[in-house]
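Notes follow the structure.
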Amino acid sequence: MTTTRTGLSSLNGAQKAFLIGTNIWILLQVSRAIAWVLINDIDAGGSSEAWRYPAYLDLFAVVAAPPLIWALWARRGLLTWVSAVVYWVISIVDHIGNFVTTTFVGAPSIAENMNNPYLIPAIQTVFDVIFLALLFVPQFRNLFFRLEAEEH
């Protein structure tokens, strides 16, 4: 078995939209690099230590984004599908951690000017859940499991 290497031209409109939308949403996760500022703020004593774990999960999302984007375009297969599932699950766990930490210790100092510190994580969680669920829809799941025959 090999990974799929089908180009966009061989995909239907919904499949193209799924791949493009997934990659755009993953690319937008790079904005979570703001966690580096939060970690420095925690180290300086400006934010609660409770924010360290969610900040590290944000950094995971940033670091994992480029290889996952590449894999979605160049090497769709079981490993890429599992990586995407794990990526979204960790991202959702991070957002839940944001909700819990905000509830019990308050928003971090970098979010002090926000009217509602729950809003952005809530929106991100909704999109993450949607993209995670779409990975299990047969039409999109098959993008990863429609394997080409090996060339001899």
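- Among pairs with a residue in residues 91-128, those fulfilling ring-ring contact (aromatic ring centres under 6.0 Å, His included) read W25-F127, at least two apart in sequence or across chains.
- Of the possible donor and acceptor atoms, one in the side chain of S83 sits under 3.5 Å from a partner among the backbone N and O of L79.
- A50 pairs by the side-chain contact (heavy atoms from CB on, under 4.5 Å) definition with S48, T101, V105, not counting sequence neighbours.
- Neither W36 nor L27 shares a network with the other; the hydrophobic side chains, linked directly or stepwise wherever heavy atoms of I, L, V, M, F, W or Y lie under 4.5 Å apart, form separate groups for each.
- Counting only residues at least two apart or on different chains, no salt bridge (Lys or Arg N to Asp or Glu O under 4.0 Å) pair has a member in residues 113-127.
- No continuous path of ILVMFWY side-chain contacts below 4.5 Å connects I39 to V62, so the two sit in separate hydrophobic clusters.
- Between W51 and T102, some side-chain heavy-atom pair lies under the 4.5 Å cut-off.
- Within a 6.0 Å sphere centred on CG of N116, heavy atoms belonging to other residues, nucleotides or ligands number more than 12.
- Residue pairs that meet the side-chain hydrogen bond (donor to acceptor under 3.5 Å, both in side chains) test with at least one member in residues 53-71, sequence neighbours left out, are R32-D58, R52-Y56.
- Separation of atoms CD1 (I96) and CG (D128) is listed at 10.0 Å; rounding is to 0.5 Å.
- Atom CG of D94 is separated from atom CG of L59 by 9.5 Å, given to the nearest 0.5 angstrom.
- Within the model, atoms CG of N40 and CD1 of I110 stand 10.5 Å from one another, a figure rounded to the nearest 0.5 Å.
- Expressed to the nearest 0.5 Å, how far CG of L132 lies from OG1 of T125 amounts to 12.0 Å.
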Test I34 against L38 for side chain to side chain contact (heavy atoms under 4.5 Å, CB included), laying out the working first.
CA-CA 7 Å; I34 191 74; L38 177 57; over 6 Å; no

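- Under the side-chain contact (heavy atoms from CB on, under 4.5 Å) criterion, F18 pairs with T22, L134, L135, F140, L143, F144, not counting sequence neighbours.
- Between atom CH2 of residue W73 and atom OG1 of residue T80 there is a gap of 13.0 Å, rounded to the nearest 0.5 Å.
- Remark: N23 CG to L72 CG distance equals 5.0 Å, nearest 0.5 Å.
- Considering every non-hydrogen atom in both A14 and N12, the closest pair reads N-OD1, 3.0 Å.
- No side-chain donor from either of Q15 and N142 sits under 3.5 Å from a side-chain acceptor of the other.
- When each of S109, S47, P108 is tested with I42 by the rule side chain to side chain contact (heavy atoms under 4.5 Å, CB included), just one qualifies, namely S47.
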Would W81 and R141 satisfy side chain to side chain contact (heavy atoms under 4.5 Å, CB included), going step by step from the backbone distance to the final call?
CA-CA 8 Å; W81 184 82; R141 186 185 62 225; 3.8 Å; yes

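- The other residues sharing a hydrophobic cluster with M114 are I120, where clustering joins ILVMFWY side chains under 4.5 Å apart.
- At a threshold of 4.5 Å between side-chain heavy atoms, the hydrophobic network of Ile, Leu, Val, Met, Phe, Trp and Tyr places L68 and V63 in two separate groups.
- Within the 4.5 Å cutoff, side-chain heavy atoms of I123 are placed close to those of L119.
- Scanning both residues, V30 and A65, for their nearest heavy atoms gives CG2-CB, 4.2 Å.
- In this structure the side chain of F131 never reaches within 4.5 angstrom of the side chain of I26, judged on heavy atoms.
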